Every structure is written in structure tokens, then in C-alpha cells.
Number of protein chains: 2
Amino acid sequence: MVTQQLSGLPDEANLRRADSLAREIFSDVANKWALLIIESLGERTLRFSELRTEVEGISHKMLTQNLRMLERNGLVEREVHPTVPPRVDYTLTPPGRALRETVDVMCDWTARHLAHIEESRVRFAERTAP
Amino acid sequence: MVTQQLSGLPDEANLRRADSLAREIFSDVANKWALLIIESLGERTLRFSELRTEVEGISHKMLTQNLRMLERNGLVEREVHPTVPPRVDYTLTPPGRALRETVDVMCDWTARHLAHIEESRVRFAERTAP
DNA sequence: CGGTATCCGACACGATACTG
DNA sequence: CAGTATCGTGTCGGATACCG
């Protein structure tokens, strides 16, 4: 992964640190649930329970876990309303929205190549288990 | 996930099928190793062993597993040279290269927001465990 | 060299139950 | 309603060994 050094002299230790950080972030972000959450949120503000139904198939636990991770990385903002019953809103931050655009591109890619991929799978199956 | 129906009347069963397929593909593709492999391949043709060292940290097993998956979905082409010792070349197909461009965008995103994220993490840590 | 198979530990994930 | 904790299991993923 290419991480440009922007500040001062590109000290080698700094480069290595930035790279391992990049890898870490990439691992956080490049996972199914995180991307689906980001995509579901979009420009909207959703509560926990809304996200729960929006991102279908996700469990209570995975949702909280991923939301924490996204909050930690500054991609979503978590707003707690001290009401009863409690209400917690989630919104993408600017960096989160920027990431979302790349996820959108990935979704477009999926839609555009759906047919080709399905076909490839059939040919692969024929090729391997005739 | 939005999957447009392109052929004929958008029969509801077809829509559901396309959507579940899209989810499946998305799950295949939205994972750390797959994306790192695609990114490493780029425009080049690499042998198995070259990929092994290029995608650092990946195990023999994960590499074969993911390469099979990518081949099955028609994203990489696998070319076996019947020599001894054997030699197997991997190259991105056109759809694979298209996907790679979106991965590039994601890498750019990572590089661009590195500092902001690192900072977010510190603030998160202070906020939660003071 | 590249691929497959086997074993085994780690942990991802779901289900459940309990708090504020 | 949102979050945390606990427990059980299935899957992931590494290490190793063996074939073509």
C-alpha cells in the first residue's frame, strides 16, 4: 500500500509507522459489515434500531461492535439523547462520507458486473467438476 | 444494495435473486486479502510465489483460497505453464481491473485521512478511558 | 513450485440474559 | 431502546506434511 509522507523529511521509521497504520485502517474498513453500514447510513441520520433493520442480516452484537470501530476511527458520529427510552443517532462524518463515495463505486461495480460474474461461476463449475 | 434489473420485465423473484447474488459477491470481494491481492496484481502478471511475497503477511493457504475465489468470479485469470518446476501466472481480467480502480480510490482515501483517523483514535481513547 | 489435505488453536459471531 | 457481558460453536486461518 502506498502512503505518501507529507510532513518534513521522510524519515524511514515514520514511513513504516504510517504504512502499518494504513494496513490497520484498511483491515478495519475492508470488511463486509463496516462497508454495508456506511453504505446504509449514506447522507441520513439513523438510530441504532433503524440501522439494525436497514443493514439486513446483521446481529445486534456485530452492529455495536462495528459502530464502535467506525466511531473510533472518526467515520461516524454517535449522538446520545438522554431521554427515556434512550435514543442514539448515528451519522457519517465528512471522512466517512468520503469513504462512502468509494463504497458507492464498489456497489456500482458489483451491479455492473453481476451478469459477467454469474456466467464466470458457471464456467468455473463446469471446468472444475465436469 | 441497489441492483438494477436490465433484462425484460423486472420480475420480483429475479430482483430478489439478483440482490442476494450481489450480497454474495460483495461479501467475497469486501475482504482484506482479496482487495490486497487485487491491488498488488495491478496491471502486472505475477506468479504465485511472487504474489506470496508481494502481499505481505498472507499465508500460502489464504493466497490459494482467495485466488480460487477470484478466479471463480472471473476477476483473475490463472495460466498454468506445464513446465517443471510448474509455473502459474495470475493476471487481472478486465472486470478485475475495473474493480482495482475502486480499490485504488479506497487506498487513496486511506492515505488522505491517515492523520485525521490517528487523531480520532487518540481522542476516542481519552474520551472512553480517562 | 504450486496445490491439496489435515490438524488445531483462536476468535468471529449469534443467542441469551441482564442493566440503565 | 441501546449497550454490555457471557457462553457456546462454527469458521477462519496458520502450521505442517505430502503430491504433481
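The figures here come from the full heavy-atom set of this structure, side chains too, leaving out hydrogens, waters and symmetry mates. Being a predicted model, the structure only gives us computed values, none of them experimental. By convention in this document, chain letters (A, B, ...) are assigned in the order of the sequence lines, proteins followed by strands, and residues within each chain are numbered from 1.
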For [X] and [N], what is the distance between atoms [atom1] and [atom2] respectively, to the nearest whole Å?
X        : N       : atom1 : atom2 : result
Lys32(A) : dG14(C) : NZ    : C1'   : 13 Å
Glu56(B) : dG14(D) : CD    : P     : 14 Å
Met69(B) : dG3(C)  : CE    : P     : 15 Å
Leu67(A) : dT4(D)  : CG    : C1'   : 15 Å
Arg47(A) : dA2(D)  : CZ    : P     : 4 Å
Lys61(A) : dA5(D)  : NZ    : C1'   : 9 Å
Leu63(B) : dA15(D) : CG    : P     : 14 Å
Asn31(B) : dC13(C) : CG    : P     : 12 Å

Taking the minimum atom-to-atom distance to the side chain of Thr64(A), which one of dT4(D), dG13(D), dG20(C) wins? dT4(D)
Any non-hydrogen side-chain atom of Glu54(B) less than 4.5 Å from a side-chain atom of Leu63(B)? no
So, does [X] use its side chain to make a donor-acceptor pair with the main chain of [Y] at under 3.5 Å?
X         : Y         : value
Arg72(B)  : Ser120(A) : no
Thr93(A)  : Gly74(A)  : yes
Thr110(B) : Met106(B) : yes
Thr64(B)  : His60(B)  : yes

Answer yes or no: does a side-chain N or O of [X] lie under 4.0 Å from OP1 or OP2 of [N]?
X        : N       : value
Ser49(A) : dA2(D)  : yes
Tyr90(A) : dC1(D)  : no
Arg68(A) : dT4(D)  : yes
Ser59(B) : dA15(D) : no
Arg78(B) : dG2(C)  : no

Using Watson-Crick pairs (N1 to N3, plus N6-O4 or O6-N4) and G-U wobble pairs, both distances under 3.5 Å, which stems of at least 3 pairs involve DNA chain C? C:2-20 with D:1-19
Starting from the 5' end of DNA chain D, give me the residue, Asn66(B) or His60(B), whose nearest nucleotide shows up first. Asn66(B)
Relative to each other, are the rings of His113(B) and Trp109(B) parallel, tilted or perpendicular (30° and 60° limits)? tilted
Does Asp104(A) pair with Arg100(A) as a salt bridge, N-O distance under 4.0 Å? yes
